[in-house]
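All chains are named by letter (A, B, ...) in the order of the sequence lines, taking the proteins before the strands, and each is independently numbered beginning at 1.
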2 protein chains.
Amino acid sequence: MFADFEKYIKTQTAVLTDDEISMIARAATVTNVRKKQLLLQAGDVCRYKIFILEGFLRTYGVDADGEEHVMQFSPALTWTTEGESYANCIPSNYNIEAIEDSRLMLWTKDTFTGLMSNIPSLKQYSENLVAQNLHTSRNRLYKAISATAEEKYEDFVKTYPGILLRVPLRMVASYLGVSLKTLSRIRQAQLQR
Amino acid sequence: MFADFEKYIKTQTAVLTDDEISMIARAATVTNVRKKQLLLQAGDVCRYKIFILEGFLRTYGVDADGEEHVMQFSPALTWTTEGESYANCIPSNYNIEAIEDSRLMLWTKDTFTGLMSNIPSLKQYSENLVAQNLHTSRNRLYKAISATAEEKYEDFVKTYPGILLRVPLRMVASYLGVSLKTLSRIRQAQLQR
DNA sequence: GCAAAACAGCGTCAAATGTCCTCTTTCAGG
DNA sequence: CCTGAAAGAGGACATTTGACGCTGTTTTGC
């Protein structure tokens with residue numbers, strides 16, 4: 001049932017034993033969600049750490065004009081949560097939504113904290129994930145303030161070649177911080193070459 | 001000598017005892033740097049965690065056109081480092097420069113790691129800093145992809161009221177990801193009101 | 001199946017932003 | 001006291017981007 005999870009975790013870290021990974025997996029709740037279903041609604045407190053077994057999620061905010069802005073795409077075999085809300089038990093600014101039918105593993109904060117205190121290696125792995133998230137976020141921020149729309153698009157295509165084919169272009173535009181019009185102009189221009 | 005450091009840390013965390021804080025402080029090297037002096041040059045490995053006792057630093061990248069892009073301002077009584085380079089001992093993409101004469105505390109990675117293994121509370125505090133950095137970075141990223149230039153400027157003024165008076169506007173523009181011209185238009189328009 | 005919604009390309013126009021330039025002021029170094 | 005560099009305002013012009021409306025196609029829900 002958790003074979004994918006266990007296999008994936010082993011590729012990510014050498015510090016966890018098979019038994020530990022199995023214990024972590026057994027503590028999770030598995031749920032299936034349908035496309036368009038919300039896993040976290042802005043204003044609510046994020047109660048879970050999520051691991052995606054199958055499917056595809058997105059994290060996005062909605063501004064005062066009702067515009068959506070995609071913060072993150074979360075494909076299968078990745079972790080996600082809304083860290084600020086989860087860590088501090090405060091209302092989230094972001095929504096998490098399934099953009100494909102998905103199968104997820106969920107851990108409540110209590111459960112996950114308990115696991116970490118019993119399994120020091122999990123704590124270490126978890127810290128590594130936070131640190132990596134920070135580096136990813138900073139590098140994306142750097143692109144956001146320094147690159148042209150076209151450079152951001154090319155960077156996206158290079159970094160996440162698979163995503164482009166699975167999500168609507170308007171979400172890609174939103175992720176890049178440009179209008180759909182701009183994105184389609186860029187794509188048009190690249191076709192001409 | 002470290003009175004400011006010790007006092008500040010006590011306001012930040014309750015988990016460290018006076019003795020522990022003092023031990024951390026004594027493990028640091030204090031250096032004075034002059035305005036415009038580089039603490040880290042892109043391409044080098046970042047060897048230190050830095051705490052700023054007095055002065056002001058900035059972290060910035062330089063793109064292929066030679067343009068500078070400010071990732072971060074670091075005023076007195078804050079921590080800074082280039083986390084990706086520091087953690088993985090890889091060449092840094094960013095420079096860290098003093099923009100005022102500054103007095104700094106430095107810890108090498110060996111020293112700091114040693115402190116953390118002797119003082120579990122320091123590890124905890126340090127993890128909190130990483131997590132907070134991540135939230136700050138994500139929130140800034142959200143602004144970068146969702147807000148207009150004027151909203152970003154107003155947000156900056158509200159969030160860091162002190163910085164505006166101490167750094168050249170071109171660095172603020174660079175931090176916001178807009179040209180100096182755009183920033184000066186925004187400021188001009190606001191004066192008219 | 002069928003109607004409605006979502007998606008994405010395109011044209012037009014207006015607004016936002018950038019580049020290049022000049023001019024003035026300030027300030028640090030000799 | 002002089003001088004050159006840095007800072008920043010602002011004009012002129014070009015480019016980029018966005019908003020809006022329209023269209024045809026695909027997908028979705030019933």
No-H, no-angle donor-acceptor pair, [X] side chain to [N] base, under 3.5 Å:
X: A:K36; N: D:dG29; result: no
X: A:R185; N: D:dG18; result: yes
X: B:K181; N: D:dG8; result: no

What integer distance in Å separates [X]:[atom1] from [N]:[atom2]?
X: A:E67; N: D:dG18; atom1: CD; atom2: C1'; result: 11 Å
X: A:I186; N: D:dT17; atom1: CD1; atom2: P; result: 6 Å
X: B:L165; N: D:dG8; atom1: CG; atom2: P; result: 12 Å
X: A:Y153; N: D:dT17; atom1: OH; atom2: C1'; result: 18 Å
X: A:E150; N: D:dT17; atom1: CD; atom2: C1'; result: 14 Å
X: B:I145; N: D:dT17; atom1: CD1; atom2: P; result: 16 Å
X: B:M171; N: D:dA7; atom1: CE; atom2: P; result: 6 Å
X: B:E100; N: C:dA28; atom1: CD; atom2: C1'; result: 16 Å

Query raised in the report: Roughly how far, to the nearest 0.5 Å, is the CD atom of A:E127 from the OG atom of B:S126?
Result: 8.5 Å
Requested in this report: Tell me which of A:R170 and B:L183 sits closer to the 5' end of DNA chain C, going by the nucleotide each one is nearest to.
Outcome: A:R170
Query raised in the report: Would one find a side-chain N or O of B:S184 under 4.0 angstrom from OP1 or OP2 of D:dA9?
Result: yes
Requested in this report: Ignoring backbone atoms, test whether A:S179 places a side-chain nitrogen or oxygen under 4.0 Å from the OP1 or OP2 oxygen of D:dT17.
Outcome: no
Taking the side chain of [X] as heavy atoms from C-beta outward, which of [options] is closest to it?
X: B:P168; options: C:dG9, D:dG8, C:dG18; value: D:dG8
X: A:K35; options: C:dT17, C:dG9, D:dT28; value: D:dT28
X: A:V178; options: D:dT28, D:dG18, D:dA9; value: D:dG18
X: A:Q188; options: C:dC10, D:dA9, D:dG18; value: C:dC10

Query raised in the report: Is it true that A:Y94 and B:Y142 have ring centroids separated by less than 6.0 Å?
Result: yes
**Report entry** Pair B:Y175 + B:F73: ring centers closer than 6.0 Å
**Finding:** yes
Query raised in the report: Should the pair B:F5 and B:W107 be assigned to parallel (<30°), tilted (30 to 60°) or perpendicular (>60°) ring geometry?
Result: tilted
Query raised in the report: Hey, are B:R58 and B:E97 close enough for a salt bridge, meaning a charged N less than 4.0 Å from a carboxylate O?
Result: yes
